[in-house]
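To keep things clear, I will list the structure first and then write my remarks on it.
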Amino acid sequence: MPDETPRRPGDRAVVLLSGGLDSATVAAAAKAAGYRVIALSFRYGQRHAVELEAAARVAAHVGVDEHQVLDMDLRAFGGSALTADIDVPKDRDADAIAADDQVPITYVPARNTIFLSYAMGLAEVRGADDLFIGVNAVDYSGYPDCRPGFIGAFEAMANLATRAGVAGDRPLRLHTPLIGLSKAAIVAWGTELGVDYAQTISCYDPDAQGRACGACDSCHLRRQGFVDAGLADPTVYQTD
């Protein structure tokens, strides 16, 4: 698995934590590598806001040093099935998802750029030189802000836009340990790290009780990941 070793024991890292499978794995990986984890979550007007309850559970389970939840309202922009009155795509199998070469309607415009910018600011204030984000270019390659080119460009920008970066002695590093992994590989790694995936939610359209719909793209990919990893899926679905 990727080597995300701190430069010094006990270094701080800001980890974007949505409460989903991927971000929980990244938080556990950063903690296991020896970082003091500062988790950062966002209430941005997402229809699946129950993920914030999951983020709090994951933060407690991983044992982060600090968990910040910031408020913004991306519903003002709309343009996504997660922040506007647009139907979430349902009942597409893995082949249909993979064959779709369009940017998915569940893409939230500029979301990772916005989130990472906040993370960059928090990192400066907390004296952290490392950011972690659970982007994946295998299962979600249609998202432009989950691709290696974007990650490299943001890291370069961050080191031009921050006091620490300009000083040059400890440039900011942006870690994406899941970017080239399949969902099955992520699930297997997280299980080794002790992630309790029953505490997470990946669904784009859960009900008020936090039960996954079982039909959106994210649910399909998550379910298949557990199948391919040969592990039991602890997700509570609305149809159970």
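When a residue number appears, it is its place in the shown sequence, counting from 1. Here the structure is a predicted model, which means the values were calculated and not measured.
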Determine, step by step, whether Leu116 and Phe150 satisfy the side chain to side chain contact (heavy atoms under 4.5 Å, CB included) criterion, reporting the C-alpha distance in whole Å, the side-chain angles of both residues, the deciding distance to 0.1 Å, and the verdict.
CA-CA 11 Å; Leu116 284 170; Phe150 164 75; 3.9 Å; yes
Do Tyr44 and Arg111 pass the side-chain hydrogen bond (donor to acceptor under 3.5 Å, both in side chains) test, and can you show the C-alpha distance, the side-chain angles, and the key distance before you say yes or no?
CA-CA 9 Å; Tyr44 61 93; Arg111 181 177 62 179; 2.7 Å; yes
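Asp85 is linked by a salt bridge (charged side-chain N to carboxylate O under 4.0 Å, His left out) to nothing, counting only residues two or more places apart in sequence or in another chain. Contacts of Ala29 classified as side-chain contact (heavy atoms from CB on, under 4.5 Å), with partners at least two apart in sequence or in another chain: Trp189, Leu193. Every residue two or more places apart in sequence or in another chain that forms a side-chain contact (heavy atoms from CB on, under 4.5 Å) with Leu231 is listed here: Val187, Thr191, Phe226, Ala229. With sequence neighbours excluded, the residues forming a salt bridge (charged side-chain N to carboxylate O under 4.0 Å, His left out) with Arg173 are Asp130, listed by chain and number. Shown here are the salt bridge (charged side-chain N to carboxylate O under 4.0 Å, His left out) partners of Asp73, two or more places apart in sequence or in another chain: Arg75. Every side-chain contact (heavy atoms from CB on, under 4.5 Å) that Ala198 has, sequence neighbours left out, goes to Asp196, Pro234. Qualifying side-chain contact (heavy atoms from CB on, under 4.5 Å) partners for Tyr118, counting only residues two or more places apart in sequence or in other chains: Leu40, Phe42, Leu70, Met72, Ile114. Under the rule for a salt bridge (charged side-chain N to carboxylate O under 4.0 Å, His left out), the partners of Arg170 that lie at least two apart in sequence or sit in another chain are Asp11, Asp129.
In this structure the side chain of Asn136 never reaches within 4.5 angstrom of the side chain of Cys146, judged on heavy atoms. In this structure, Arg147 and Val135 have side chains that are not in contact, with every pair of non-hydrogen atoms separated by 4.5 Å or more. Using a 4.5 Å cut-off on side-chain heavy atoms (C-beta onward), Val26 and Pro177 make contact. Side chains of Arg43 and Val69 form a contact here, defined as non-hydrogen atoms less than 4.5 Å apart.
Across all their heavy atoms, Val108 and Ser80 have their closest contact at CG2-OG, 3.4 Å. For the residue pair Ser218 and Ser202, the shortest heavy atom distance occurs at OG-O, 2.7 Å. Taking all atoms of both residues into account, the shortest heavy-atom contact from Gly78 to Pro109 is O-CD, 4.0 Å. Closest approach of Ala119 and Val14 over heavy atoms only: CB-CG1, 3.9 Å. Smallest separation of non-hydrogen atoms from Leu52 and Ser41: CD2-CB, 3.8 Å. Taking every heavy atom of both residues into account, Cys213 and Cys216 meet most closely at SG-N, 3.3 Å.
Annotation: the span from Leu17 atom CG to Asp22 atom CG amounts to 11.5 Å, rounded to 0.5 Å. With values rounded to the nearest 0.5 angstrom, Leu122 atom CG is found 10.5 Å from Arg12 atom CZ. Remark: Ile133 CD1 to Leu174 CG distance equals 7.0 Å, nearest 0.5 Å.
Under a cut-off of 6.0 angstrom, the local environment of CG in Asp71 is crowded, with over 12 non-hydrogen atoms contributed by other residues, nucleotides or ligands. Within 6.0 Å of CZ in Arg163 there are 12 or fewer heavy atoms belonging to other residues, nucleotides or ligands.
Using a distance-only test at 3.5 Å, with no hydrogens or angles considered, a donor-acceptor pair links the side chain of Ser182 to the main chain of Ala185. Between the side chain of Glu51 and the backbone N or O of Gly19 there is no donor-acceptor pair closer than 3.5 Å. Thr162 places no side-chain N or O within donor-acceptor distance of the main-chain N or O of Asn159, the cut-off being under 3.5 Å. When atom types are taken as modelled, the side chain of Thr25 and the backbone of Gly190 share no donor-acceptor pair closer than 3.5 angstrom. Checking side-chain atoms of Asp205 against main-chain N and O of Val88 turns up no donor-acceptor pair under 3.5 Å. Using modelled atom types, one side-chain atom of His61 and one backbone atom of Gly194 make a donor-acceptor pair closer than 3.5 Å. Side chain of Asp145 to main chain of Thr113: no donor-acceptor pair is present (N/O by atom type, distance under 3.5 Å, no hydrogens or angles).
In this structure, a donor-acceptor pair under 3.5 Å is absent between the side chains of Arg223 and Thr235. For the residue pair Ser23 / Ser18, a side-chain donor-acceptor distance below 3.5 Å is found, with atom types taken as modelled.
Under a hydrophobic clustering in which Ile, Leu, Val, Met, Phe, Trp and Tyr are joined whenever their side-chain heavy atoms come within less than 4.5 Å, directly or via other members, Tyr143 and Phe77 fall into the same cluster. Under a hydrophobic-cluster definition in which Ile, Leu, Val, Met, Phe, Trp and Tyr are linked whenever side-chain heavy atoms come within less than 4.5 Å, directly or via other members, Tyr204 and Ile105 are assigned to different clusters. Ile151 is connected to Val103 through a chain of hydrophobic side-chain contacts under 4.5 Å among Ile, Leu, Val, Met, Phe, Trp and Tyr, so both are in one cluster.
When hydrophobic side chains of Ile, Leu, Val, Met, Phe, Trp and Tyr are connected at separations under 4.5 Å, Val50 ends up clustered with Ile201. Alongside Val227, the hydrophobic cluster contains no other residue (criterion: ILVMFWY side chains under 4.5 Å).
The salt bridge (charged side-chain N to carboxylate O under 4.0 Å, His left out) contacts involving residues 59-69 comprise Arg36-Asp65, Glu66-Arg126, where partners must be two or more places apart or lie in separate chains. Applying the ring pair (Phe, Tyr, Trp, His ring centres under 6.0 Å) test to pairs two or more places apart or on separate chains, those with a residue in residues 16-37 are Tyr35-Phe132.
A salt bridge is absent between Asp217 and Lys90: the closest approach of a Lys/Arg side-chain nitrogen to an acidic carboxylate oxygen does not fall below 4.0 angstrom.
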